[in-house]
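Here is the naming used below: chain letters follow the sequence lines, and residue numbers restart at 1 for every chain.
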Amino acid sequence: MKLILPDGKELLVEEGLSGKEVAKQIATSLEKKALAYSLDGKLYDINSKIEHDGRFAIITDKSVEAIDLLNHSTSHLLAQALKNLYPEVKFGFGPAIEEGFYYDIDLDKPLVEADLANIEKEMHRLAKENYPIIRKNVSKEEALEIFKDNEYKVELIQGIDDQISIYSQGDFTDLCSGPHVPSTGYINHFKLLSLAGAYWRGDSNNKMLIRIYGTSFFTEQDLQNHLQDLEERKKRDHRKLGKELGLFMLSDFGPGLPFFLPNGYTLRRTLEDYWLKIHKEHGYVVIDTPIMLSKQLWEISGHWDHYKEDMFITKVEDDNEYAIKPMNCPGAILVYKNDLHSYKELPLRFAELGHVHRNEATGALNGLFRVRSFTQDDAHILLTEDQIADEVKNILKLYDEIYSVFGLNYHIELSTRPEDNFIGDIEVWNKAEAALAEACANSGHSYKINPGDGAFYGPKLDFKLKDSMNRIWQCGTLQLDMQLPGRFDCSYIAEDGTKKCPVMIHRACFGSIERFIGIITENFAGAFPTWLTPVQINVLPVKNSLHESRCNELKKLFEQNNLRVQVDNREEKLGYRMRESQIKKIPYTIVIGDKELESTQITYRKYGVETPVTIELNDFIEMINKEIANKDLLVKK
RNA sequence: GCCGGCAUAGCUCAACUGGUAGAGCAACUGAAUCGUAAUCAGUAGGUUGUAGGUUCGAUUCCUAUUGCCGGCACCA
């Protein structure tokens, strides 16, 4: 059996060997780490037991996931097709990304979505031709000659110090470090998804290129599953569910300024009540500071100089300008300064549900995810340098407790001291960073370090949550601030009687209540757990004239037990109201008819479950209260 | 802010290449009083986002503008 290797070499392999043996043989011949997959489309790691039809190929010398490699090769196929259809096209980057690939191209005429089908057609044609994908190492001079008509590739080549390699398939050649699948025939199950604009090299000063997104799989089944997932995600979109469930609205009169509707307000209030309770338990005191404060304050805090563009500023007749707060820190500091503090009081934890406004770029606005008016579940902790490590541990524990209630996965990113633009003592920075790193390592969550990405005033941790669209959103944050307390001349009386300046931790767990509601709406697909959902129990009288009064009695009883309940007494058929109850994803629907009138039992139907359950009324109340106390998820995920 | 797309009834959508709008759901009225995902009939509902322009005539074509969507940039 003859195999074509990624470097263009051919290798003869004995027939009838196991896939593992074949892969090993190829790997040995290349002296490289290897991953193998079969032409039947199944993926195999070299170390796994392999059932196969005898046709295997080595595909990578790097630790590259095979699916990423396929996507990368598909982006090359896309480029080849584009070159055929639009000979004047120039290429930028074309990498594999999570769940797919893209290619950035420079083309004078705009592409529209309808063109994608045609491009796909050409890609399929080229795939059928089964061009071998051949690697060649070239010198910088050779590379510059080959790509002399493409300023983007030339720019890239000039920045490469390592070995430069090119990959060719048919008459198409691209600058690429590889690796790739052996030939275009491997690429069969893909779809181009969307068009977008993207700046060359991600810099808004550069020209904007056309980005074509797509996705590629080894089997048609995998592709179809993925496309179905994309459909499913659209159904879970919080903007759609927010409308259907009556959670929030937006108005053209205030882009990015969300309105909370009755159901959304109940949900939000429940979330905030939980937040307040758990923070009080963790030693926080709660404050509330003004929504706008005078210009002078923002000058001291530095926002006037560094953040003015994003602030809403009031215009008044005299010089006394005010600004709507984009952050809560200065307010919290004023609260701290209102008293003289002893070291014995520290750490002092001021929590605040702070309603801030930021004039975000129009193009950034997105449902509840990115808004101009939002409430941060903020806290400002003033403490001594020695207390940082312990306090960070406490905060991580608190975050873990909160996130786990919502079944959310997250990872942590630690941003450390910038190279030169920073203030304070390097030793203090090192100590602070070590405290953060240690807390992360002990948290049991994966974390990565972004060297030099910290703010000039201190290192920080960001908590990145994944939404159902697999998009990453920063929710929680934990920032050390070794600057602001000094700017405001904060102090505490130390053990030795001297005045010292405390360190401050800014931190938020939800990040923004609005964004967090968006994320959990999608995460739960609108079926909120019973403790959180706007309406917990829906009571349906079979016949109003006979059963409505009993329903109202029950409503009163449930309300006395702090449950949120509604009676749907509309003159509609039971089936109609039951359907609506399910569409609104109400956890419990109770039907009251003749049978229930004389009984101490009720029959409920739980959301997502078809069979009704009959139970003693008291047991029902006990059950639902227990569920709420445990914050159980409504639907097992 | 940038690139591209979209905007029609409260909601979801339709209206061939220009001939001034139609359906389902919701709402309202009436009948039916019904036991776990849609009872039947009728009524009303629109300056087609906004402002200009081309045209005998614009939802349809053009320009501007606002908002939204997909991304990019931004998110100390």
Residues in side-chain contact (heavy atoms from CB on, under 4.5 Å) with A:K308, at least two apart? A:W304, A:I313
What residues, two or more places apart in sequence or in another chain, satisfy side-chain contact (heavy atoms from CB on, under 4.5 Å) together with A:L484? A:S301, A:C329, A:I333, A:D481, A:R487, A:F488, A:M504, A:H506
For the residue pair [X] and [Y], confirm or rule out a side-chain donor-acceptor distance under 3.5 Å.
X      : Y      : answer
A:E309 : A:N359 : no
A:Q536 : A:T530 : no
A:H547 : A:N569 : no

For A:A361 and A:H303, take the nucleotide of RNA chain B holding the closest heavy atom to each; which residue's nucleotide lies nearer the 5' end? A:A361
In terms of the nearest nucleotide of RNA chain B, which residue is placed more toward the 5' end: A:Q474 or A:E113?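 By nearest-heavy-atom nucleotide position, the 5'-most residue is A:E113.
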May I have the distance from [X] (atom [atom1]) to [N] (atom [atom2]), rounded to whole angstrom?
X      : N     : atom1 : atom2 : answer
A:Y102 : B:G70 : OH    : C1'   : 15 Å
A:L111 : B:G71 : CG    : C1'   : 15 Å
A:L230 : B:G70 : CG    : P     : 13 Å
A:F369 : B:C69 : CZ    : P     : 11 Å
A:Y213 : B:G4  : OH    : C1'   : 13 Å
A:L195 : B:C2  : CG    : C1'   : 16 Å
A:E98  : B:G71 : CD    : P     : 13 Å
A:I212 : B:C3  : CD1   : C1'   : 13 Å

Please enumerate all protein N or O atoms sitting under 3.5 Å from an N or O of nucleotides 6-16 of chain B, with distances to 0.1 Å.
{"residue": "B:U12", "atom": "OP1", "partner": "A:K243", "partner atom": "NZ", "Å": "3.2"}

Donor-acceptor pair present, A:Y199 side chain and B:G1 base, under 3.5 Å: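 Result: at least one qualifying N/O pair found.
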Base of B:C74, side chain of A:R358 - is there a donor-acceptor contact under 3.5 Å?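 Check fails, no donor-acceptor contact within cut-off.
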Students often get this wrong, so: under 4.0 angstrom with heavy atoms, is [X] touching a base, only sugar-phosphate, or nothing?
X      : answer
A:A198 : sugar-phosphate
A:A455 : sugar-phosphate
A:R370 : base

So what stems show up for RNA chain B if we need 3 or more Watson-Crick or G-U pairs in a row, all under 3.5 Å?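 Consecutive-pair runs (3 or more) involving RNA chain B: B:1-7 with B:66-72, B:10-13 with B:22-25, B:27-31 with B:39-43, B:49-53 with B:61-65.
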Could you work out the separation of [N] and [M] based on their [atom1] atoms and round it to a whole Å?
N     : M     : atom1 : result
B:U55 : B:U60 : C1'   : 13 Å
B:C13 : B:C69 : P     : 14 Å
B:A58 : B:G24 : C1'   : 28 Å
B:U39 : B:G35 : P     : 12 Å
B:A64 : B:G19 : P     : 25 Å
B:C11 : B:C2  : C1'   : 33 Å
B:U59 : B:G18 : P     : 13 Å
B:G46 : B:A21 : C1'   : 8 Å

Considering residues at least two apart in sequence or located in another chain, which fulfil the salt bridge (charged side-chain N to carboxylate O under 4.0 Å, His left out) criterion with [X]?
X      : value
A:K90  : A:E151
A:E548 : none
A:D377 : none

Take A:V371 and A:F248 through the test side chain to side chain contact (heavy atoms under 4.5 Å, CB included) and record every step on the way to the result. CA-CA 13 Å; A:V371 290; A:F248 72 97; over 6 Å; no
Which pairs pass salt bridge (charged side-chain N to carboxylate O under 4.0 Å, His left out) with one or both residues in residues 192-201 of chain A, sequence neighbours excluded?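 Counting only pairs at least two positions apart or across chains, the salt bridge (charged side-chain N to carboxylate O under 4.0 Å, His left out) contacts touching residues 192-201 of chain A are A:E155-A:R201.
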Among residues two or more places apart or on two chains, list those pairs meeting salt bridge (charged side-chain N to carboxylate O under 4.0 Å, His left out) that have a residue in residues 357-372 of chain A. A:E360-A:R370
Between A:S512 and A:F374, which heavy-atom pair has the shortest distance, and what is it? CB-CD1, 3.5 Å
Looking only at heavy atoms, which two atoms of A:D568 and A:R577 are closest? And how far apart?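 Between these two residues, the closest heavy atoms are O-NH1, 2.9 Å.
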Taking 4.0 angstrom as the limit, do [X] and [Y] come out as a salt bridge?
X      : Y      : answer
A:R515 : A:E522 : no
A:R570 : A:E580 : yes
A:D104 : A:R211 : yes
A:E99  : A:R233 : yes

Close N or O pairs between protein and nucleotides 47-51 of chain B (under 3.5 Å):
none

Centroid separation under 6.0 Å, is that true for the rings of A:F91 and A:Y152? no
Expected rows: protein N/O vs nucleotides 65-68 of chain B N/O, under 3.5 Å:
{"residue": "B:G67", "atom": "O2'", "partner": "A:D252", "partner atom": "OD1", "Å": "2.8"}

Just by protein heavy atoms under 4.0 Å, how would nucleotides 31-44 of chain B read 5' to 3' in B, S and -? --B-BBBBS-----
